[in-house]
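Quick note on labels: first sequence line is chain A, next is B, and so on, each numbered from 1. The figures here come from the full heavy-atom set of this structure, side chains too, leaving out hydrogens, waters and symmetry mates.
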Amino acid sequence: MLKALALADHGEEALARLADMGRLGVPVDSYSYAHGLKACIAGSASHAPASARVREMHAHAIRRGYGLHTHVATTLIDCYAKLGIVTYAERVFAWMPERNVVSWSAMIGCYAKNERPGDAIELFQEMIASDADLVPNSITIVSVLHACAVVNALGQGKVLHAYILRRGFDSLVSVLNALMAMYMKCGCLQIGRYIFDWIGRRRDVVSWNSLISGYGMHGFGRESLQVFEEMIKEGISPSIITFVSVLGACSHAGFVEEGKKLFESMVEYNVTPRAEHYACMVDLLGRAGRLDEAVELIQSMRIGPSPQVWGSLLGACRIHGHVEYAEMACSHLFDLEPRNAGNYILLADIYAQAKLQNQVDVLKELLEEHALEKVPGCSWIEVKKKLYSFGSVDDKNPQVEELQALIGEFVTQMKNEGYVPDTRTVLYDIEEEEKERILLGHSEKLAVAFGLINTSRGEPIRITKNLRLCEDCHSVTKFISKFTEREIIVRDVNRFHHFRDGVCSCRDYW
DNA sequence: TTAGGGTTAG
């Protein structure tokens with residue numbers, strides 16, 4: 001009965017039946033809670049009621065002495081992971097008297113799902129060090145690979161690759177797919193391609209999707225389209241994700257016509273366009289400056305535009321400085337995602353570009369009023385398998401002054417060659433000189449400087465940034481790549497930038 | 001009859 005309720009997403013009823021069991025004196029067991037907990041979170045539109053139900057079920061399990069039963073506790077970890085309540089998952093994990101490979105994997109997956117990839121990797125290391133009988137399996141490996149990909153931890157990823165070979169996990173397509181995705185997300189496109197070829201005939205739709213998106217995020221639109229065509233020729237049915245990937249690739253490469261054709265062809269493959277496909281199309285059109293077309297497409301949608309769709313339009317307005325459409329996008333976004341500070345910041349940015357300081361101030365007041373905080377810019381770099389992170393106003397790192405001075409030298413050099421710092425994105429109403437100083441402290445510049453000092457000549461510098469790369473950092477990094485003859489690879493929140501010899505692979509289109 | 005994973009998107 002409880003299992004059926006879980007499958008049908010009836011959490012309330014599952015709780016009620018469990019209460020009945022107590023009242024009627026029917027003994028419960030670990031199965032009751034495992035199914036009951038699944039029912040609590042399945043299919044819930046909102047986290048709030050699901051969270052209340054899980055806690056209630058958790059309390060019930062504790063009262064009956066099942067709170068720390070291995071299967072029940074593991075299910076609890078997964079429930080809290082899915083609800084984003086990491087501290088509860090940690091507490092359950094810490095108190096378990098017996099943990100097996102599944103419990104460890106659930107906890108590692110919890111960190112990976114909740115933007116704590118560093119902790120996921122650490123826990124994995126703890127796991128293999130803790131007990132000789134505790135052996136990770138393919139699911140554990142896939143979770144950790146995913147975590148490495150998220151933080152761009154290539155060194156750790158390679159350690160895992162070696163581990164996979166030693167333990168023979170390389171016979172599993174799921175593991176190879178995750179390995180391929182990890183390499184491509186860490187900037188190693190060629191190795192990803194190599195693994196794809198090596199998988200050979202065993203490749204599945206996930207392998208194809210990974211390769212298509214891999215080429216896409218590196219700006220190789222042509223290759224991405226080729227792989228898509230190859231996939232069709234081989235008789236593989238493209239999935240919803242295939243189209244998100246290939247449309248995204250068109251967007252990064254500026255292939256407007258190709259993208260439009262693909263979008264129209266979706267019905268032929270029995271894939272109905274969803275909001276995420278519209279978001280890709282709006283991004284594609286908007287980025288290319290075809291804002292009117294983007295707006296027309298939104299208005300033609302039969303499904304309600306998602307925040308991502310309006311977000312794409314807003315992003316395009318920022319690139320092309322379109323105040324009117326930005327306001328239109330925000331009139332929806334402020335309703336749909338009232339707590340997302342990023343939307344307010346983007347609009348403020350657009351107002352600042354248009355020199356509408358009064359409007360900028362209004363938005364800043366709004367942000368304060370709702371106690372919304374901007375996500376601070378953060379960049380990180382891996383040196384000798386250790387991650388170093390930099391914040392934009394980072395005074396904790398004693399090396400920051402040295403790093404800023406180094407950047408300052410490059411900037412002086414650049415100014416001699418006619419460069420003017422792009423201070424438009426600094427929203428504070430302060431003197432130009434002060435704005436330039438803020439730009440010098442941007443986290444990606446600090447990370448590049450750190451890389452220059454702490455890696456050897458000829459070695460590529462790999463940086464990861466949590467936001468979009470700003471125009472000024474883009475110009476400065478191009479210069480540094482030429483001046484120091486270094487290859488600099490930056491992964492921002494959207495895509496890769498390969499800087500070499502003063503040129504960026506995105507061809508300044510991002 | 002019970003527990004954990006991979007591909008995408010502003």
Side-chain angles (χ1 to χ4, degrees), chain A residues 1-4 6 29-38 66 69-79 81-82 96 99-110 112-113 120 136-147 149 172-182 184-185 203-214 216-217 238-249 251-252 274-284 286-287 294 306-319 329 333 337 340 342-343 346 467-468 493-495 510:
Chain A
M1 187 70 206
L2 286 167
K3 186 178 182 180
D29 63 7
S30 60
Y31 293 78
S32 321
Y33 293 109
H35 288 310
L37 283 164
K38 274 202 188 287
Y66 281 96
H69 178 280
T70 306
H71 285 185
V72 176
T74 303
T75 313
L76 277 166
I77 290 170
D78 188 50
C79 288
K82 285 178 176 142
M96 286 174 77
R99 303 184 199 119
N100 59 21
V101 60
V102 183
S103 351
W104 281 85
S105 302
M107 194 60 224
I108 289 170
C110 172
K113 274 197 268 288
N137 59 23
S138 67
I139 295 178
T140 327
I141 302 286
V142 166
S143 284
V144 189
L145 278 171
H146 180 65
L172 295 170
V173 176
S174 60
V175 170
L176 292 171
N177 283 344
L179 190 64
M180 170 172 83
M182 183 280 294
M184 292 189 297
K185 282 193 179 153
R203 61 204 161 200
D204 58 15
V205 69
V206 176
S207 326
W208 286 99
N209 291 349
S210 277
L211 189 65
I212 290 170
S213 70
M217 66 188 158
S239 68
I240 287 169
I241 291 172
T242 312
F243 280 103
V244 174
S245 307
V246 73
L247 290 175
S251 190
H252 289 310
R274 303 215 299 204
E276 49 262 58
H277 302 105
Y278 281 96
C280 289
M281 285 307 290
V282 171
D283 182 57
L284 172 73
R287 211 183 275 279
S306 62
Q308 284 74 16
V309 173
W310 292 117
S312 294
L313 181 65
L314 184 60
C317 290
R318 201 209 76 98
I319 297 171
L333 283 169
E337 319 178 302
N340 184 343
N343 298 326
L346 269 177
L467 305 172
R468 179 186 182 273
V493 68
N494 295 327
R495 58 165 298 149
W510 86 99

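Within the nucleic acid shown, A:Thr242 has no heavy atom closer than 4.0 Å to any nucleic acid atom. Nucleic acid contact for A:Ser143: sugar-phosphate only, since backbone atoms but no base atoms lie under 4.0 Å from a heavy atom of the residue. A:Asn494 comes within contact range of the sugar-phosphate backbone alone, with a heavy-atom separation under 4.0 Å but no base atom that close. Counting non-hydrogen atoms under 4.0 angstrom, A:Asn177 reaches a base of the nucleic acid. Within the nucleic acid shown, A:Val101 comes within 4.0 Å of at least one base atom, counting heavy atoms only. A:Ser210 comes within contact range of the sugar-phosphate backbone alone, with a heavy-atom separation under 4.0 Å but no base atom that close.
Remark: A:Ala147 pairs with A:Ala112, A:Pro117, A:Ala120, A:Ile121 by the side chain to side chain contact (heavy atoms under 4.5 Å, CB included) rule, at least two apart or across chains. Scored by the side chain to side chain contact (heavy atoms under 4.5 Å, CB included) test, A:Ser245 finds A:Ile212, A:Ser213, A:Ile241 as partners (sequence neighbours excluded). Qualifying side chain to side chain contact (heavy atoms under 4.5 Å, CB included) partners for A:Thr140, counting only residues two or more places apart in sequence or in other chains: A:Val101, A:Ser105, A:Ile108, A:Phe124, A:Met127, A:Pro136, A:Asn137. The ring-ring contact (aromatic ring centres under 6.0 Å, His included) test applied to A:His71 returns A:His69, not counting sequence neighbours. Scanning for ring-ring contact (aromatic ring centres under 6.0 Å, His included) contacts around A:Tyr33 gives A:His60, A:Tyr66, with sequence neighbours left out.
Nearest approach of A:His35 to A:Ala6, heavy atoms of both residues: O-CB, 3.6 Å.
In the 5' to 3' direction, nucleotides of DNA chain B lying under 4.0 Å from heavy atoms of chain A begin and end at B:dT1 to B:dG10.
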